[in-house]
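Reviewing the structure listed below.
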Amino acid sequence: MEDDQIDRGALRKLLALLGNDPAELEDLLSDYYQDAPDLAQRIVDSAVRGDVEALRIASHSLKSNARDFGALRLSDLCADLEKECRAGSPRDPQQAAQAIRLAEETARQALSEIEISGLSAESGD
């Protein structure tokens with residue numbers, strides 16, 4: 001599952017930025033595992049309320065976090081919703097929010113299955 005969901009190259013880059021310290025990456029992932037579901041829920045709640053600005057902000061935050069950890073599908077979904085919100089009229093925010101919520105769960109599961117200590121030994125995707 002993870003090969004379809006997570007860009008390991010992004011994780012390797014992040015690991016390199018952290019001095020190739022797997023414990024540091026594990027700490028950041030722990031924060032992501034805690035924050036990402038909350039951001040996804042904030043997106044869903046904002047869509048239900050019709051709060052386009054809150055939707056844009058939460059989409060932007062989750063997009064950036066997802067991209068940093070290689071969750072490209074999730075990042076792309078968030079980017080699309082953020083762009084629509086910037087334009088002032090997302091087409092179907094509740095449907096987009098549900099797709100983001102599901103993609104977040106899938107990405108989080110895929111990330112949890114990756115052996116972080118083995119990332120630096122990998123050579124490419």
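Both Leu29 and Leu18 are members of a single hydrophobic cluster when ILVMFWY side chains are connected at heavy-atom separations under 4.5 Å.
Of the inter-residue distances, the one linking Arg42 atom CZ with Ser46 atom OG reads 8.0 Å to the nearest 0.5 angstrom. Atom CD of residue Gln95 and atom CD of residue Gln98 lie 9.5 Å apart, to the nearest 0.5 angstrom. Here Lys63 contributes atom NZ and Asp68 contributes atom CG; the two are 10.5 Å apart, rounded to the nearest 0.5 Å.
Here the rule is side chain to side chain contact (heavy atoms under 4.5 Å, CB included) with Ile43, and of Ile57, Leu77, Val48, Leu55 only Leu55 fits it.
A donor-acceptor pair under 3.5 Å is formed between the side chain of Ser64 and the backbone N or O of His60. The backbone N or O of Leu74 sits nowhere less than 3.5 Å from a side-chain atom of Glu104 that would complete a donor-acceptor pair.
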Please table the atom pairs, donor to acceptor, closer than 3.5 Å between any side-chain atom in residues 34-41 and protein atoms at least two apart or in another chain.
residue, atom, partner, partner atom, Å
Gln41, NE2, Asp45, OD1, 2.8

Test side chain to side chain contact (heavy atoms under 4.5 Å, CB included) applied to Leu25 and Leu119, step by step:
CA-CA 11 Å; Leu25 183 54; Leu119 276 176; 3.9 Å; yes
Where do Phe69 and Leu28 land on the side chain to side chain contact (heavy atoms under 4.5 Å, CB included) test, with the steps shown first?
CA-CA 9 Å; Phe69 290 104; Leu28 286 178; 3.9 Å; yes
Decide yes or no on side chain to side chain contact (heavy atoms under 4.5 Å, CB included) for Leu111 and Tyr33, but give the supporting numbers first.
CA-CA 9 Å; Leu111 278 166; Tyr33 296 150; 3.8 Å; yes
Stepwise side chain to side chain contact (heavy atoms under 4.5 Å, CB included) test for Arg86 and Lys83
CA-CA 5 Å; Arg86 282 191 191 283; Lys83 182 178 177 181; 5.7 Å; no
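Side-chain atoms of Gln109 and Glu113 form a donor-acceptor pair, as typed in the model, at a separation below 3.5 Å.
Within 6.0 Å of CZ in Arg101 there are more than 12 heavy atoms belonging to other residues, nucleotides or ligands.
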